*Asks:* 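Structure in structure tokens, see below.
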Protein chains: 2
Amino acid sequence: MPAESDCTEMLDSETKAVETPEDHADELRLWLRLLTCTTLIEGEVRGRLRQRFDVTLPRFDLMAQLDKAPDGMTLSDVSKRMMVSNGNVTGLVERLVESGHLDRRTSETDRRVQVIRLTKLGRAEFRRMAAEHETWIADLFAELSPKDVRELMRLLAKTKASAQKSAARRRP
Amino acid sequence: MPAESDCTEMLDSETKAVETPEDHADELRLWLRLLTCTTLIEGEVRGRLRQRFDVTLPRFDLMAQLDKAPDGMTLSDVSKRMMVSNGNVTGLVERLVESGHLDRRTSETDRRVQVIRLTKLGRAEFRRMAAEHETWIADLFAELSPKDVRELMRLLAKTKASAQKSAARRRP
DNA sequence: CCGAATTGTTTTAAGCCTAAAATGTTTTCC
DNA sequence: GGAAAACATTTTAGGCTTAAAACAATTCGG
């Protein structure tokens with residue numbers, strides 16, 4: 001089990017002869033644990049949203065984005081913020097307009113663009129849900145000390161930056 | 001902006017008169033960051049799997065579970081491990097049997113149970129993909145030091161435990 | 001032994017999600 | 001001005017996902 005180059009930066013990885021396949025088991029385990037945590041919490045939140053408010057998580061997430069943007073957002077903005085595909089947003093918005101939570105209009109200055117906003121109803125319902133949602137999250141993370149929270153924030157920021165760089169390396 | 005009880009453990013929260021709504025903004029930010037990291041990495045892995053191997057992430061994940069279980073698993077086992085619904089696994093397995101990656105048979109001792117295994121083809125293809133997958137993960141986490149990785153592992157373990165307790169409190 | 005719970009799986013109905021192609025609009029740049 | 005590139009959104013086709021109900025087989029308690 002060769003674990004020699006665990007910490008080396010290997011700036012010349014391009015030209016290096018790869019004879020000893022590196023051991024990335026730790027990173028793999030970390031990724032699986034990260035995924036487990038997210039899946040666990042996401043499932044819990046999804047279930048509570050459905051039970052308490054009969055709303056789906058994606059609908060809640062979309063409304064959360066709009067609640068932070070009183071002047072509305074374009075579909076593209078929403079799509080980028082939520083990190084989901086464009087087509088996904090189209091359908092989600094359709095259903096939320098249908099149910100009276102969203103208002104959608106074509107931009108005056110650019111007829112390609114659709115601007116969406118929360119309706120009065122949408123905003124009221126979201127605020128009500130968000131207040132309770134926040135307590136769920138607090139409860140789910142209850143065993144972490146404030147120091148743990150800070151430290152996790154720091155390390156996840158580093159993780160995000162690392163992943164973004166890696167993604168950019170592939171798709172420049 | 002009241003932030004007084006930031007660190008108190010509040011063991012008597014049951015009987016406490018809740019006059020000052022607590023501030024859980026930090027936990028909320030932490031959750032959003034956790035979600036962002038996972039979504040980012042998951043999307044990257046999904047795209048690479050599709051591009052390089054024309055395989056979906058759920059198929060890969062299911063094969064990963066089976067690769068660790070040479071004697072096969074029941075559908076329930078898979079469902080629990082992957083933290084997805086039973087019905088989800090049914091369809092996933094159907095398609096993987098169809099494509100020749102999985103073998104499925106009814107248990108001899110309990111006719112309710114379906115045992116699934118990787119076929120020779122399934123195992124070979126998975127191993128080929130897994131080797132490359134591991135390097136992607138390593139690259140995505142490349143900017144984290146070994147110490148960062150250890151620390152993240154520790155904090156995520158704590159997070160998982162916390163979330164599980166919270167979930168158990170609700171659904172005992 | 002037999003009815004009642006429990007367990008494992010599938011079905012159903014609805015919604016979510018993606019990648020890729022198609023459509024319509026605006027900008028860019030000769 | 002007009003072709004080409006870029007942009008915003010929708011459509012399409014297919015797969016994923018869930019919650020809840022239905023079905024089938026086993027186990028448990030009297």
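Lettering of chains follows the sequences in order, A, B, ..., and the numbering in each one begins at 1. If you're wondering where the values come from, they're calculated on a predicted model, not measured in any experiment.
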*Asks:* Which part of the nucleic acid, if any, lies within reach of S76(B) when heavy atoms closer than 4.0 Å are counted: base, sugar-phosphate only, or nothing?
*Replies:* sugar-phosphate
*Asks:* I want to confirm an ordering. Mapping G91(A) and T109(B) to their closest nucleotides on DNA chain D, which one lands closer to the 5' end?
*Replies:*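 Of the two residues, G91(A) wins.
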*Asks:* Might you work through the side chain to side chain contact (heavy atoms under 4.5 Å, CB included) test for M83(B) and T36(A), ending with a clear yes or no?
*Replies:* CA-CA 8 Å; M83(B) 298 195 281; T36(A) 297; 3.6 Å; yes
*Asks:* Closest approach to the side chain of V113(B), judged atom by atom: which nucleotide of dT9(D), dT9(C), dT10(C) is it?
*Replies:* dT9(C)
*Asks:* Go through H24(A) and W136(B) one step at a time and tell me if the side chain to side chain contact (heavy atoms under 4.5 Å, CB included) criterion holds.
*Replies:* CA-CA 10 Å; H24(A) 300 310; W136(B) 301 337; over 6 Å; no
*Asks:* Is there a side-chain polar atom (N or O) of T56(A) under 4.0 Å from OP1 or OP2 of dT18(D)?
*Replies:*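 False: T56(A) side-chain N/O out of range (4.0 Å or more) of dT18(D) OP1/OP2.
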*Asks:* Output the rounded distance in Å from CZ (R95(B)) to P (dG14(D)).
*Replies:*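 Whole-Å distance recorded here is 13 Å.
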*Asks:* Taking atom P of dG8(C) as reference, at what distance in whole Å does atom CE of M73(B) sit?
*Replies:* 13 Å
*Asks:* Does M82(A) or R111(A) map to a spot on DNA chain C nearer the 5' end, using the closest nucleotide for each?
*Replies:* M82(A)
*Asks:* Only Watson-Crick and G-U wobble pairs with both distances less than 3.5 Å should count. Give DNA chain D in dot-bracket notation, marking inter-strand partners with |.
*Replies:* ||||||||||||||||||||||||||||||
*Asks:* Between R59(B) and K80(A), just flag the one whose closest nucleotide in DNA chain D comes earlier from the 5' side.
*Replies:*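 Its nearest nucleotide being more 5', the pick is K80(A).
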*Asks:* Just how far, in rounded Å, is C1' of dA19(D) from CG of D54(A)?
*Replies:*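 After rounding, the reported distance stands at 11 Å.
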*Asks:* Please determine, for the side chain of R112(B), which listed nucleotide (dT6(C), dC17(C), dT10(C)) has the closest atom?
*Replies:* dT6(C)
*Asks:* Is T106(A) reaching over with its side chain to a backbone N or O of Q114(A), donor-acceptor style, under 3.5 angstrom?
*Replies:*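 No; zero donor-acceptor contacts below 3.5 Å.
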*Asks:* For V115(B) and R50(B), take the nucleotide of DNA chain C holding the closest heavy atom to each; which residue's nucleotide lies nearer the 5' end?
*Replies:*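 Final value for this comparison: V115(B).
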*Asks:* L92(A) has a side chain; which of dT25(C), dC17(C), dT9(C) sits nearest to it?
*Replies:*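 The nucleotide sitting nearest to the side chain is dC17(C).
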*Asks:* Quick one: is N88(B) getting a side-chain N or O under 4.0 Å of the dT18(D) phosphate, OP1 or OP2?
*Replies:* yes
*Asks:* I'd like to check R105(B) versus R117(B) (side-chain heavy atoms, cut-off strictly below 4.5 Å). Are they in contact?
*Replies:*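 R105(B) reaches R117(B) side chain to side chain.
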*Asks:* Given side chains that start at C-beta, do those of D148(A) and R154(B) come closer than 4.5 Å, heavy atoms only?
*Replies:* yes
*Asks:* In whole angstroms, how far is the C1' atom of dT6(C) from the CG atom of D110(B)?
*Replies:* 12 Å
*Asks:* Is the closest side-chain donor-acceptor distance between S166(A) and D139(B) under 3.5 Å?
*Replies:* yes
*Asks:* Can you check the E44(A) CD to dA19(D) P distance for me, whole Å?
*Replies:* 11 Å
*Asks:* Are T90(A) and dT10(D) close enough that a side-chain N or O sits under 4.0 Å from OP1 or OP2?
*Replies:*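 For dT10(D), OP1/OP2 do have a side-chain N/O of T90(A) under 4.0 Å.
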*Asks:* Within the structure provided, determine whether F53(B) and E132(B) are in side-chain contact (heavy-atom separation under 4.5 Å).
*Replies:*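 Side chain of F53(B) against side chain of E132(B), heavy atoms only: contact under 4.5 Å found.
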*Asks:* How close or far is atom C1' of dT11(D) from atom CD of E94(A), stated in whole angstroms?
*Replies:* 10 Å
*Asks:* To the nearest Å, how far apart are N86(A) CG and dA8(D) P?
*Replies:*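 So the CG-P distance, N86(A) to dA8(D), works out to 9 Å.
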*Asks:* From the options T56(B), D61(B), V55(B), select the one residue that forms a side-chain contact (heavy atoms from CB on, under 4.5 Å) with P58(B).
*Replies:* T56(B)
*Asks:* Grab the CZ-C1' distance between R46(A) and dA19(D) for me, whole Å please.
*Replies:*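 From R46(A) CZ to dA19(D) C1': 11 Å.
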*Asks:* Considering just the side-chain nitrogens and oxygens of S79(A), establish if one lies under 4.0 Å of OP1 or OP2 belonging to dA8(D).
*Replies:*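 No.
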